[in-house]
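Heads up: the structure comes next, in structure tokens.
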Amino acid sequence: MQLSKRITGLTGGGSDGWDVYYRAKQMVADGMDVTQLTIGEHDIGTDRSILDAMYQAALAGHTGYSMFNGNKNLRDAVARRVSERTGVKTTPDNVLVTPGGQSALFATHNAACDQGDTALLIDPYYATYTGTIRGAGAVPIAVEARADRLFQPDPADIAAMANGASSLLINSPNNPTGVVYSGETLQGIARVCQAHGLWLISDEVYDTQVWSGDHLTPRALPEMAAQTLVIGSLSKSHAMTGSRLGWVVGPEEAIYHMGTLATHTTYGIPGFIQEAGCFALAQGEAFEAQVAAPFRRRRDLVLGLLAGQTTVRAIPADGAMYIMLDIRTTGLSGEAFANRLLETHQVAVMPGESFGKAAAGHIRVALTVADERLADAIGHLLSLAGDLPRESR
Ligand code: PLP
């Protein structure tokens, strides 16, 4: 039987970018001791208190159908959080609860784009972005954030691609680079969106992981609340990746229609998960800071280990749970380097090429294992990088 082009063409014909990750998983399954620095998964599980809240909620009967667009108490909690942190008035009618940020990405592109429309995104990008856009029927067009600008996108480059486009997807703090977009970058982006009538889809799932200054949301910029759809999630902020709990914040009309999409796709999120989400949000900023702390500490650890050598250069990472390393002096592509590192040192990292073209010759290191193991893995990485320039000359 013939399958639809939409589903068979989701990855755009190439690999889905996760080859090294799959290889590493297979090696682990074969009994090898591999250090996994690939995916953005905390090394702590979901906190016991959140699991208790989930269990109690299930016992209390939150096991039936829930509100397809999110229960009122959770939408209230998200709206309060967003209002307090951004200063933008936000009500429960501005909030749609989704099964994770991933589903929110799909909903927002469905809201912003008609079939065949251009959806802009910034390269390097989180590996699912292009497939999600295609799944919504739109055409992903990447605008490069260049390595020589330390991966801050240039609004002029976006403007050059914006004619006729419907949306622009940005992500700060950024996966894969760890870069936090400056106020100037965000203001420039907002001006482009206003000039070209673009929906700005702002993926802020790492908003609690910012190492200097405060998290900035473009929704708070003048006039931008009317055309910005913000994606949030408890996956990274509360180590709740498996709970699949996220949201979209946006104008009421957009939220209403995405709610209709939810009725016809997800039909809501389990009530006991939503109750656990309410409990998690009520723990406040101290809890979130505790979840974020290891990533900052490990970023500093890696920077310390890289000091005093010039082969591997770190991209200044001000947020998120990753650090991007420029390995171009080795003469290898990010993909070749990652594969070599896996084969010879049993350390798995993501090639920059998994995230588009702009991060070619880079690798992304997820700061997701205990400090000692991470330090050991960086030692291996430096040892390989140190050997390579001689080899490839
Ligand atoms: N957006 C970015 C930038 C991510 O890195 C991820 C996950 O790693 C997601 C969205 C999806 O997160 P979730 O669906 O777990 O909320």
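All values below were derived from every heavy atom in this structure, side-chain atoms included, with hydrogens, water molecules and symmetry-related copies excluded.
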Q) Does any N or O in the side chain of Ser383 come within less than 3.5 Å of the main-chain N or O of Gly379, such that one atom is a donor and the other an acceptor? A) no
Q.
Hydrophobic clustering (ILVMFWY, side-chain heavy atoms < 4.5 Å, transitive) - are Leu332 and Leu381 grouped together?
A. yes
Q) What are the two closest heavy atoms between Gln274 and Ser66, and how far apart are they? A) NE2-OG, 3.3 Å
Q. What closest approach, in Å, do Ala276 and Ile50 show between heavy atoms, and which atom pair accounts for it?
A. CB-O, 3.9 Å
Q. If you group Ile, Leu, Val, Met, Phe, Trp and Tyr by side-chain heavy-atom gaps below 4.5 Å, do Val78 and Val88 land in one group?
A. no
Q) Using a distance-only test with no angle check, is there a side-chain donor-acceptor pair under 3.5 angstrom linking Ser172 and Asn174? A) no
Q: Apply the salt bridge (Lys or Arg N to Asp or Glu O under 4.0 Å) test between Asp371 and each candidate in Arg298, Arg299, Arg296; give the one that qualifies.
A: Arg298
Q | Donor-acceptor pair between Arg23 and Asn339 side chains, under 3.5 angstrom | A | yes
Q | Residues Met240, Ser233; criterion side-chain contact (heavy atoms from CB on, under 4.5 Å); working and verdict | A | CA-CA 9 Å; Met240 289 178 69; Ser233 169; over 6 Å; no
Q: Would you check if Glu144 and Asp157 make a side-chain contact, meaning some heavy-atom pair closer than 4.5 Å?
A: no
Q | Residues Asp203, Ile170; criterion side-chain contact (heavy atoms from CB on, under 4.5 Å); working and verdict | A | CA-CA 6 Å; Asp203 179 343; Ile170 63 169; over 6 Å; no
Q.
Could you check whether Gln283 and Asp47, counting side-chain N and O atoms only, form a donor-acceptor pair closer than 3.5 Å?
A. no
Q) Quick check: are there more than 12 heavy atoms from other residues, nucleotides or ligands sitting under 6.0 Å from CG of Asp214? A) no
**Q.** Inter-residue atom distance Leu105.CG - Ile133.CD1, 0.5 Å rounding
**A.** 8.5 Å
Q. Is a donor on one side and an acceptor on the other found under 3.5 Å between the side chain of Arg134 and the backbone of Val139?
A. no
Q) Do Leu168 and Val249 belong to the same hydrophobic cluster, where Ile, Leu, Val, Met, Phe, Trp and Tyr are linked whenever their side-chain heavy atoms lie under 4.5 Å apart, directly or via other members? A) no
Q | Pair Gln102, Thr128: side-chain N/O donor-acceptor within cut-off below 3.5 Å | A | yes
Q: Please lay out, stage by stage, how Trp247 and Ile231 fare under the test side-chain contact (heavy atoms from CB on, under 4.5 Å).
A: CA-CA 6 Å; Trp247 57 79; Ile231 290 164; over 6 Å; no
Q) Does Asp207 come within less than 4.0 Å of Lys236, counting only side-chain N to carboxylate O? A) no
**Q.** Side-chain H-bond candidate by donor/acceptor type, Thr241 with Glu41, under 3.5 Å
**A.** yes
Q. With no hydrogens and no angle check, is any side-chain donor or acceptor of Gln309 less than 3.5 Å from a backbone partner on Val312?
A. yes
**Q.** Any donor-acceptor N/O pair, Thr228 side chain to Ala225 backbone, under 3.5 Å
**A.** no
(Q) Can you give me the closest heavy-atom contact between Leu245 and Ile273, atom names plus distance? (A) CD2-O, 3.5 Å
Q) Are any side-chain N or O atoms of His380 and backbone N or O atoms of Ile378, one a donor and one an acceptor, separated by less than 3.5 Å? A) no
Q: Identify the heavy atoms of Gln36 and Ala348 that sit nearest to each other, and give their distance.
A: OE1-CB, 3.7 Å
Q.
Any heavy-atom pair between the side chains of Val349 and Thr38 that's under 4.5 Å?
A. no
Q.
Would you say the rings of His238 and Phe279 are close, in the sense that their centroids are separated by under 6.0 Å?
A. no
Q: Say whether Leu305 and Val347 are linked into one hydrophobic cluster, either directly or through other cluster members, by side-chain heavy-atom distances under 4.5 angstrom.
A: yes
Q. Does a side-chain heavy-atom distance below 4.5 Å link Tyr181 with Pro153?
A. yes
(Q) Quick check against the 3.5 Å criterion: does Asp117 have a side-chain atom that pairs as donor or acceptor with the backbone of Ala138? (A) no
Q. Do side-chain atoms of Glu353 reach the backbone of Gly334 as a donor and acceptor pair under 3.5 angstrom?
A. yes
(Q) Measuring only between side-chain heavy atoms, which start at C-beta, is Leu120 closer than 4.5 Å to Leu198? (A) yes
Q: Step through the shown structure and confirm whether more than 12 heavy atoms of other residues, nucleotides or ligands are within 6.0 Å of CG on Leu59.
A: yes
Q.
I need the minimum non-hydrogen distance between Ala336 and Ser333, along with the two atoms involved.
A. N-OG, 2.9 Å
Q | Side chain Asp318, main chain Val180, donor-acceptor under 3.5 Å | A | no
Q) Under 4.0 Å between a Lys/Arg side-chain N and an Asp/Glu carboxylate O for Arg80 and Asp76? A) no
Q. Does any pair with a residue in residues 87-124 pass ring-ring contact (aromatic ring centres under 6.0 Å, His included), and if so which ones, sequence neighbours excluded?
A. none
Q.
Can you list, by chain and residue number, the hydrophobic cluster partners of Met67 when the side-chain cut-off is 4.5 Å?
A. Phe68
Q) Got a sec: does the CZ of Arg297 have more than 12 other heavy atoms crowding it under 6.0 Å? A) yes
(Q) Set out, in order, the CA-CA distance, both residues' side-chain angles and the distance that settles salt bridge (charged side-chain N to carboxylate O under 4.0 Å, His left out) for Arg85 and Glu288, then state yes or no. (A) CA-CA 13 Å; Arg85 293 185 185 194; Glu288 294 166 22; 2.9 Å; yes
Q: Treat each ILVMFWY residue as a node, draw an edge where side-chain heavy atoms are under 4.5 Å apart, and state whether Leu221 and Ile122 are in one component.
A: yes
Q.
Just verifying a value: how many Å separate Leu382 CG and Ile327 CD1, rounded to the nearest 0.5 Å?
A. 12.0 Å
**Q.** Point-to-point distance, once rounded to the nearest 0.5 Å, from OG of Ser103 to CE of Met258
**A.** 10.5 Å
Q) What heavy-atom pair brings Thr311 and Thr329 nearest, and what distance separates the two atoms? A) O-OG1, 2.7 Å
Q: Could you tell me whether the side chains of Gln56 and Asp52 share a donor-acceptor contact shorter than 3.5 Å?
A: no
Q) Is there a donor-acceptor contact under 3.5 Å linking the side chains of Thr185 and Ser182? A) yes
**Q.** Arg149 (side chain) donor-acceptor with Gln152 (main chain) under 3.5 angstrom
**A.** yes
Q.
With a 3.5 Å distance limit and no angle check, can you tell me whether Ser83 reaches the backbone of Thr90 through a side-chain donor-acceptor pair?
A. yes
Q) Just how far is it from atom CG of Asp326 to atom CZ of Arg328, taken to the nearest 0.5 Å? A) 4.0 Å
Q. Would you call Arg81 and Glu285 a salt bridge, taking side-chain N to carboxylate O under 4.0 Å as the test?
A. no
Q) What's the spacing between Met350 CE and Glu335 CD if we round to 0.5 Å? A) 10.0 Å
(Q) How long is the straight-line distance from OH of Tyr256 back to CG of Asn69, given to the nearest 0.5 Å? (A) 10.5 Å
Q | Among Leu229, Leu200, Val230, side-chain contact (heavy atoms from CB on, under 4.5 Å) partner for Arg219 | A | Val230
Q | Side chains of Tyr322 and Pro176 in contact at under 4.5 Å (non-hydrogen atoms) | A | no
Q. Are Tyr65 and Tyr267 close enough that their ring centers fall under 6.0 Å?
A. yes
Q. Ring centres of Phe295 and Tyr206 under 6.0 Å apart?
A. no
Q) Do Pro351 and Arg364 come within less than 4.5 Å of each other through their side chains, counting heavy atoms only? A) no
Q | Tyr126: which of Val205, Leu169, Asn175 passes side-chain contact (heavy atoms from CB on, under 4.5 Å) | A | Asn175
